[in-house]
Amino acid sequence: MQRLYTDYIHQRFFMSSLKAFRSSFLDFIADPFYVSELESVRYIPDGLLVLEDGKIKEIGTYDSLQHKYKEISITAYPGMLIMPGFIDTHVHFPQLEMIASYGEQLLTWLNKYTFPTEGKFKDKTYAQKVAAIFLDELLKNGTTTALVFATVHPESVDAFFEEANRRHLRTIAGKVMMDRNAPDFLTDTAETSYQETKALIQKWHKKDRLLYAVTPRFAITSTNEQLQIAGRLLQEFPDVYLHTHISENVDEVAFVKQLFPESQGYLDVYDRAGLVGDRSVFAHGVHLTDAEFHRLSQANAAIAFCPTSNLFLGSGLFRIETAKSKDYPVKVGLGTDVGGGTSVSLLQTANEAYKIAQLRQQKLSPFQTLFLATLGGAKALNLEAKIGNFNPGKEADFVVLDPRATPLMAFRNSDATPTSLEELAERIFTLVIMGDDRAIHATYIMGGLVMGNG
């Protein structure tokens with residue numbers, strides 16, 4: 001009798017650590033750029049997602065799983081669609097307050113708007129205020145992981161990571177490294193950037209869910225000595241990231257050629273410093289050559305595709321079809337790139353990605369765009385073992401989407417649950433094109449509701 005009672009208590013305790021959610025579910029188990037939708041898309045019209053201690057325990061149809069978990073309460077989201085949390089592979093948290101700054105292309109825009117704004121972030125209290133607003137905006141828009149630029153000030157990194165850790169977020173960030181071609185109040189030196197970055201790595205990298213990125217702004221604002229220092233940091237800490245910009249603007253590319261005449265192109269500047277590897281994320285890549293795409297593929301490096309920024313600053317149209325070539329594939333995620341980007345919403349970012357592909361006479365399917373925002377982003381950040389889909393063992397960051405969030409969306413979408421991939425494709429395409437923060441019904445971090453309605 002005692003053994004039976006003990007087993008009963010154990011079972012009740014075990015079950016009490018579980019959570020379950022019932023809704024329609026969509027995630028990706030492979031890359032829809034390379035295999036069919038039947039092979040890459042997992043769609044469960046009436047499913048059950050079971051969590052244990054903030055991680056995915058099991059996912060399947062409601063009918064097949066309900067009997068196993070009848071002892072626990074189930075949170076139901078009828079008429080909604082649950083997806084893994086969105087992943088932003090390039091964004092600047094200090095630039096949130098200068099979003100929608102008028103009239104300039106990249107280099108003038110940096111000097112006129114960006115650098116004066118970033119000068120404020122030596123004040124940690126101010127940086128913390130902006131970091132809190134920024135992270136809450138991400139969560140409001142369903143973004144649960146981001147690769148983030150801070151400023152040159154270590155205080156900005158501390159402020160960001162403190163706020164991210166308070167929210168239990170899986171984030172990556174780093175102190176900007178700039179030792180030339182920027183105002184004196186924003187520059188460091190090769191040596192101080194090394195010492196400050198090293199101290200920040202030791203303080204924050206792998207603390208809870210936080211990760212660090214060595215972050216030279218771009219080749220224009222770093223001497224060769226500083227880029228070599230960045231490479232030295234990657235050697236000393238091989239599991240940190242490299243995060244920078246590349247080939248965003250034609251004038252930028254020309255300036256890099258002047259500054260580094262010995263290099264065989266923009267990417268080669270970074271390559272010579274040991275910055276091109278499988279944990280390197282290069283934002284933009286609008287004007288990369290075919291040879292540079294080949295090299296990125298060879299190195300298993302990633303590109304952050306930033307469509308709203310590329311359009312807003314007049315930078316150009318990213319060659320998504322080249323990046324996702326079957327001959328030399330490159331990892332690609334979506335980046336909002338606020339404040340050059342015009343929205344922190346990855347739905348709106350996917351919207352503009354679709355339009356850029358159209359302008360290049362290409363097509364991005366609804367599934368391909370949402371892959372870039374979820375599992376594609378996780379792969380770009382080498383985090384597919386932890387986030388990106390609903391495979392058991394992964395961290396339970398997810399978003400509840402409302403396809404009928406606005407009167408017009410409700411008019412466009414019936415209240416019937418899609419039962420086929422064709423019906424689902426039409427439904428999610430309307431989410432991509434018409435959706436924004438209003439379509440985010442709820443955001444969950446490690447299985448806990450942090451924004452929206454439970």
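Reckoned from all heavy atoms, side chains included, excluding hydrogens, waters and symmetry mates.
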Inset, instruction - If the plane angle is over 60° it's perpendicular, under 30° parallel, otherwise tilted; pick one for F429 and Y354. - result: perpendicular
Legend entry - Geometric class of the H90/F149 ring pair [parallel <30°, tilted 30-60°, perpendicular >60°]: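 F149 and H90: perpendicular rings.
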Measure the [atom1]-[atom2] distance between [X] and [Y] for me, rounded to the nearest 0.5 Å.
X	Y	atom1	atom2	value
S24	L81	OG	CG	6.5 Å
S280	L242	OG	CG	4.0 Å
S36	F367	OG	CZ	11.0 Å
L317	Q358	CG	CD	12.0 Å
D88	T336	CG	OG1	3.5 Å
L51	Y444	CG	OH	9.5 Å

[X] and [Y] ion-paired at < 4.0 Å:
X	Y	result
D158	K203	yes
D123	K129	no
E236	R232	yes
E52	K19	no
D136	R167	yes
D397	R170	no
E384	K394	no
K55	D53	no
E321	K363	no
K324	D31	yes
E426	R412	yes

Legend entry - Chi angles and distances behind the ring pair (Phe, Tyr, Trp, His ring centres under 6.0 Å) call for F121, F93: CA-CA 11 Å; F121 285 76; F93 97 82; 5.6 Å; yes
Grab the two heavy atoms, one from [X] and one from [Y], that are nearest each other, plus how far apart they are.
X	Y	value
L139	I440	O-CG2, 4.5 Å
R438	A405	O-CB, 3.2 Å
S23	I82	CB-CD1, 3.7 Å
L169	R209	O-CB, 3.3 Å
T171	A164	OG1-CB, 3.5 Å
F390	I56	O-CG2, 3.2 Å

[Y] backbone acceptor or donor facing [X] side chain under 3.5 Å:
X	Y	answer
D188	M178	yes
S222	A219	no
N141	V344	no
S345	L347	yes
T197	Y194	no
H205	Y212	yes
T430	R427	yes
R279	D239	yes
H245	R217	yes
E423	T419	yes

Taking the six-membered ring for Trp, are [X] and [Y] closer than 6.0 Å centroid to centroid?
X	Y	result
W204	F161	yes
F21	F398	yes
F25	Y77	no
F282	Y270	yes

Is [Y] close to [X] at the side-chain level, that is, under 4.5 Å between some pair of heavy atoms?
X	Y	result
V332	I320	yes
L401	H441	no
V240	L234	yes

Legend entry - K140 atom NZ, neighbour heavy-atom count above 12 within 6.0 Å: no
Inset, instruction - Go through the steps to decide whether D278 and K331 satisfy the test salt bridge (charged side-chain N to carboxylate O under 4.0 Å, His left out), and finish with yes or no. - result: CA-CA 10 Å; D278 66 356; K331 297 183 297 187; over 6 Å; no
Under a plain distance cut-off of 3.5 Å, with no hydrogens placed, do [Y] and [X] share a side-chain donor-acceptor pair?
X	Y	value
H284	D337	yes
R42	N391	yes
T114	T117	no

Inset, instruction - Have a look at K175 and tell me which of V214, V152, T151 forms a side chain to side chain contact (heavy atoms under 4.5 Å, CB included) with it. - result: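 Exactly one pass, corresponding to V152.
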Legend entry - CA sep, side-chain torsions, deciding dist, call: E58, Y69, side-chain hydrogen bond (donor to acceptor under 3.5 Å, both in side chains): CA-CA 11 Å; E58 194 167 10; Y69 301 104; 2.6 Å; yes
Inset, instruction - Go through the steps for T308 and E352 under the test side-chain hydrogen bond (donor to acceptor under 3.5 Å, both in side chains), then give the verdict. - result: CA-CA 6 Å; T308 75; E352 299 300 320; over 6 Å; no
